[in-house]
Structures are given as C-alpha cells and as structure tokens.
There are 2 protein chains.
Amino acid sequence: MPQRHQHQVRRRLRDNVSRWTQPRDVILDILARTKKHLSAKEIYDTLYSTHPGIGLTTVYRTLELFHRLGVVQKVTSPDGQSRYQLRSEGSQEHHHHLICIRCGKIIDYQDFAEEELKLVGKTEQVLSQKHNFLILDHNIEFLGLCEKCRKETQKS
Amino acid sequence: MPQRHQHQVRRRLRDNVSRWTQPRDVILDILARTKKHLSAKEIYDTLYSTHPGIGLTTVYRTLELFHRLGVVQKVTSPDGQSRYQLRSEGSQEHHHHLICIRCGKIIDYQDFAEEELKLVGKTEQVLSQKHNFLILDHNIEFLGLCEKCRKETQKS
DNA sequence: TTACTAATGAAAATGATTTTCATTTTCTCT
DNA sequence: AGAGAAAATGAAAATCATTTTCATTAGTAA
C-alpha cells in the first residue's frame with residue numbers, strides 16, 4: 001500500500017474518532033504493510049515484538065472500530081475466526097475471496113469485476129425492496145481447500 | 001419439504017452411515033420441517049420438548065455429519081454461529097443469502113439464478129487453476145440489516 | 001439373543017471474542 | 001507547560017459457540 005494512501009486513511013480515522021492513540025497508529029501501520037487478511041491474534045503477535053504493552057483486547061476493539069468506520073473489511077471465516085484487511089484505494093479494487101475451509105487462509109481475487117458488478121447491482125436493487133432489507137455490503141466467496149491443506153488432507 | 005423428498009434424503013443418509021439412530025432421525029425431521037436456517041442451539045431447543053435425552057453435543061455431531069455427506073448446507077454467520085439448512089431437491093433450487101449482521105437472521109433468495117450460474121461457472125474454472133485451489137462450494141451473500149434490526153438500531 | 005463397536009451424553013476443555021473495572025493517556029482549556 | 005475530564009487501555013474474568021474425552025448405551029449383523 002502506498003504511503004500516500006496510508007496517510008489518507010489515518011487522516012480520515014483521526015477525524016472520526018475522539019482520540020488518536022499509539023495502539024491505533026501501530027495497528028493501522030501493520031494493516032497497511034500487508035495485503036493479507038489478518039486475524040486479531042496475528043496482529044497481536046506481530047505487535048508483540050515491538051510493543052509488548054499493547055493488549056489483545058485493544059486489538060479487537062481497534063479492529064472493530066476501524067471496521068465500523070468502513071476502513072477495514074471484516075471476513076468471517078468458516079474456521080471460526082474473523083480476519084481483517086484494510087480497504088484499498090478507490091472502488092476499482094473491489095475484490096472477493098477464496099477461503100480455505102481447513103486453515104482459514106483467504107486469497108483475494110478480482111477477476112470478472114465487470115460482469116460481477118452488473119449482476120450484483122441488479123440483484124441488490126431487487127432484493128433490498130423485496131425483503132425490506134438494508135444492504136450494506138456483499139460477498140462472493142468460493143470455499144474449498146488451498147494447495148497446502150489439500151495435500152495434508154490426503155495424508156491423513 | 002414434501003414427505004417424498006425427506007424419505008429420499010433419509011435413505012441416502014442411511015446408506016452412507018454405519019448406524020441409523022433416533023437422534024439422527026429426529027434431527028433430520030426438524031430440518032425437513034422448516035425452510036429456515038437453524039443454529040445447533042435452535043435445533044436443540046426444538047428437540048428438547050419431545051426428546052430431552054438428546055444432547056447438544058449430538059446435535060453438533062449430527063449436523064457436521066449431514067454436512068459432510070452433502071445433505072445439509074452450513075452457513076457461517078457474522079454473528080458468530082453456524083446455521084444449517086437441508087439442501088432442497090435437485091440443483092434447480094440453488095440459492096443464496098441475505099444475512100443480518102445484527103441478529104444473524106438469514107433470508108434465502110434465488111433470483112437471477114441463470115445469470116449467476118454463468119458468472120460463477122466461469123469464475124470457478126479460472127480461479128481453481130490460477131490459485132491451485134480445490135473449490136467445493138460458493139456463496140453469494142448480501143450483508144445488512146433486516147427490517148426488525150433496522151428499527152431497533154434507530155432507537156438506540 | 002449375543003457380541004461388537006459405533007454412537008451417544010455429560011462434563012470438561014478449548015478458543016475466539018467481549019465485558020468489567022481500575023489505571024493510564026490524550027486532548028482541551030488555562 | 002500544566003491540570004482536569006473523559007476516552008482509551010490492559011489484565012483478568014466472563015461469555016459463548018463448538019470440540020474433546022470417556023464411560024455408557026444402543027444399533028446391527030450373525
């Protein structure tokens with residue numbers, strides 16, 4: 001993620017939060033430095049080497065905050081944890097996921113964006129009216145086994 | 001769900017399982033009597049009045065079994081529980097979900113099946129090769145607030 | 001009916017997330 | 001810069017869904 005964008009995000013967060021704190025800054029930094037979807041625990045582990053004072057509770061609270069402010073995307077994985085990823089710049093990078101049902105690994109993809117957008121737009125409009133449902137987000141996900149887990153499943 | 005179909009499903013299960021037991025029969029019956037997605041706890045509560053002897057553990061084990069045999073669809077809801085639904089007859093009833101992020105309620109829809117199928121088929125083929133991923137299932141879901149939760153959110 | 005062993009149920013364990021509450025830190029106002 | 005108010009934090013306990021353990025029960029094939 002370009003530095004510029006991280007600064008934009010930080011500014012946006014500071015403006016919508018009553019206090020900007022060190023934990024928030026550190027967590028944002030970690031999210032900005034990766035393209036992966038990280039679990040709260042993974043972020044905590046990364047943090048721990050440089051900032052052992054920051055607690056797991058704060059990681060959870062901060063992720064929830066960022067998510068509430070729309071800065072972070074939250075994915076509920078079938079392996080029982082939530083994973084978080086900073087939203088990228090602009091809407092052109094909208095993407096979806098391949099999720100491994102065994103280890104929880106998430107792979108992003110953004111093929112077929114055009115076709116998808118058409119289908120989703122139409123669907124969203126019809127469904128929100130038909131079911132009186134306020135649609136805030138959508139996911140397209142493919143579930144299965146990643147390369148590594150496929151091999152390990154064969155062994156056992 | 002028509003009786004006929006429930007019998008087909010039961011036969012299919014019996015053939016793939018070493019013993020057919022009362023808990024399995026009762027749980028299948030509950031699943032067959034509803035169109036909703038039920039959580040393990042909800043199924044247990046339903047069971048409890050008529051079969052207080054059946055434990056929650058068995059409900060979990062049975063649902064996992066049915067899911068492994070492809071008879072039950074499992075949805076991981078953002079409210080932290082999994083919900084289960086008997087797959088309906090034939091593939092023509094393939095559907096997707098509107099999920100309430102507040103109460104976990106799941107609404108099925110099956111509009112745009114044709115267009116979706118085209119998109120998903122193409123996507124699946126490309127992705128499984130590109131990422132060396134064994135794709136077993138896919139979900140399209142819209143996340144938001146159901147009518148009830150939308151009202152309650154306004155209050156607070 | 002009997003014997004084998006899969007399936008069950010109760011209780012304990014696990015693991016992710018949330019809550020509680022006393023303490024610390026940020027930020028605003030002097 | 002300093003003081004005070006309130007937000008934010010961290011540690012520990014609580015919660016809650018799900019899984020594991022293990023002694024007991026109950027399908028089923030002979």
Side-chain angles (χ1 to χ4, degrees), chain A residues 10-11 13-28 30 37-45 47-48 50-69 72 74-84 99 101-106 156, chain B residues 10-11 13-28 30 37-48 50-69 72 74-84 99 101-106:
Chain A
R10 189 188 285 107
R11 197 174 314 124
L13 284 170
R14 293 184 88 128
D15 290 349
N16 284 285
V17 116
S18 62
R19 292 175 190 179
W20 189 250
T21 62
Q22 196 204 26
R24 289 175 182 180
D25 206 64
V26 175
I27 292 168
L28 173 60
I30 289 178
H37 294 253
L38 301 175
S39 67
K41 187 61 172 24
E42 285 165 348
I43 291 173
Y44 174 77
D45 289 343
L47 236 51
Y48 192 79
T50 49
H51 299 78
I54 297 178
L56 183 55
T57 311
T58 300
V59 174
Y60 274 107
R61 279 190 287 229
T62 304
L63 289 171
E64 219 28 57
L65 174 72
F66 289 1
H67 177 241
R68 193 154 20 86
L69 294 174
V72 153
K74 178 179 179 178
V75 181
T76 309
S77 159
D79 77 338
Q81 331 187 42
S82 294
R83 284 159 192 277
Y84 304 81
I99 304 180
I101 56 174
R102 195 159 176 277
C103 72
K105 180 180 181 183
I106 299 176
S156 56
Chain B
R10 189 188 284 108
R11 197 173 316 123
L13 284 171
R14 292 185 90 127
D15 290 349
N16 283 285
V17 118
S18 61
R19 291 176 191 178
W20 188 250
T21 62
Q22 195 203 28
R24 290 174 180 180
D25 205 65
V26 175
I27 291 168
L28 173 61
I30 289 178
H37 294 252
L38 301 175
S39 67
K41 186 64 172 24
E42 284 165 349
I43 291 174
Y44 174 77
D45 290 343
T46 308
L47 237 52
Y48 192 78
T50 49
H51 298 79
I54 297 177
L56 182 55
T57 310
T58 299
V59 175
Y60 275 106
R61 279 190 287 230
T62 305
L63 290 171
E64 220 28 56
L65 175 71
F66 289 1
H67 177 242
R68 194 153 21 85
L69 294 174
V72 151
K74 178 179 179 178
V75 182
T76 308
S77 159
D79 77 338
Q81 332 188 39
S82 295
R83 283 158 194 279
Y84 305 81
I99 304 180
I101 56 174
R102 194 159 176 279
C103 70
K105 180 180 182 184
I106 299 177

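The analysis underlying the following values was restricted to heavy atoms, covering all of them including side chains, and did not include hydrogens, waters or symmetry mates. First the proteins, then the strands, lettered A, B, ... as listed; each starts at 1.
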Taken to the nearest 0.5 Å, the spacing of T62(B) OG1 from Y84(B) OH works out to 10.5 Å
R24(B) vs L13(B) side-chain heavy atoms within contact, under 4.5 Å:
no
Rounded to whole Å, the CD-P distance (Q81(A) to dT18(D)) equals 15 Å
Rounded to whole Å, OH of Y44(B) lies from P of dC16(D) at a distance of 16 Å
Rounded to the nearest 0.5 angstrom, the NZ-CD1 distance for K74(A) and I101(B) is 9.0 Å
Here the distance between atom C1' of dG9(C) and atom CD of Q22(B), to the nearest Å, is 13 Å
Ranking A40(A) and I54(B) by the position along DNA chain C of their nearest nucleotide, the one closer to 5' is I54(B)
Worksheet item: Under 4.0 angstrom, heavy atoms only, what part of the nucleic acid is S82(B) near: base, sugar-phosphate, or nothing?
Response: sugar-phosphate
Separation of dT19(D) atom P from L63(B) atom CG, nearest Å, is 10 Å
### Query
Is any side-chain nitrogen or oxygen of T57(B) closer than 4.0 Å to OP1 or OP2 of dT19(D)?
no
When rounded to whole Å, the CG to C1' distance for the pair D25(A) and dT9(D) reads 16 Å
From CD1 of I27(B) across to C1' of dA7(C) the rounded distance in Å is 12 Å
Note to self: Less than 4.0 angstrom between a side-chain N/O of Y60(B) and OP1 or OP2 of dT18(D), yes or no?
What the structure shows: yes
Closest to the 5' end of DNA chain C, once L56(B) and S18(B) are matched to their nearest nucleotides, is S18(B)
Side-chain atoms of R61(A) come closest, of dT28(D), dA10(C), dT19(C), to dT19(C)
Taken to the nearest whole Å, CG/D79(B) to P/dT18(D) is 9 Å
Open item on the list: Is any side-chain heavy atom of T21(A) closer than 4.5 Å to one of T58(A)?
Closed with: no
Notebook entry, point to check: Can a side chain N or O of R24(A) be found less than 4.0 Å away from OP1 or OP2 on dA8(D)?
Noted result: yes
> Does any N or O donor sit under 3.5 Å from an N or O acceptor when you compare the side chain of R19(B) with the base of dT5(C)?
Replying inline: yes
Review point. Could R11(B) and D15(B) be called an ion pair, given the rule that one side-chain N must be under 4.0 Å from one carboxylate O?
Key: no
Q.
dA7(D), OP1 or OP2 - any side-chain N/O from T21(A) closer than 4.0 Å?
A. no
Rounded to whole Å, the CD1-P distance (I101(B) to dT17(C)) equals 16 Å
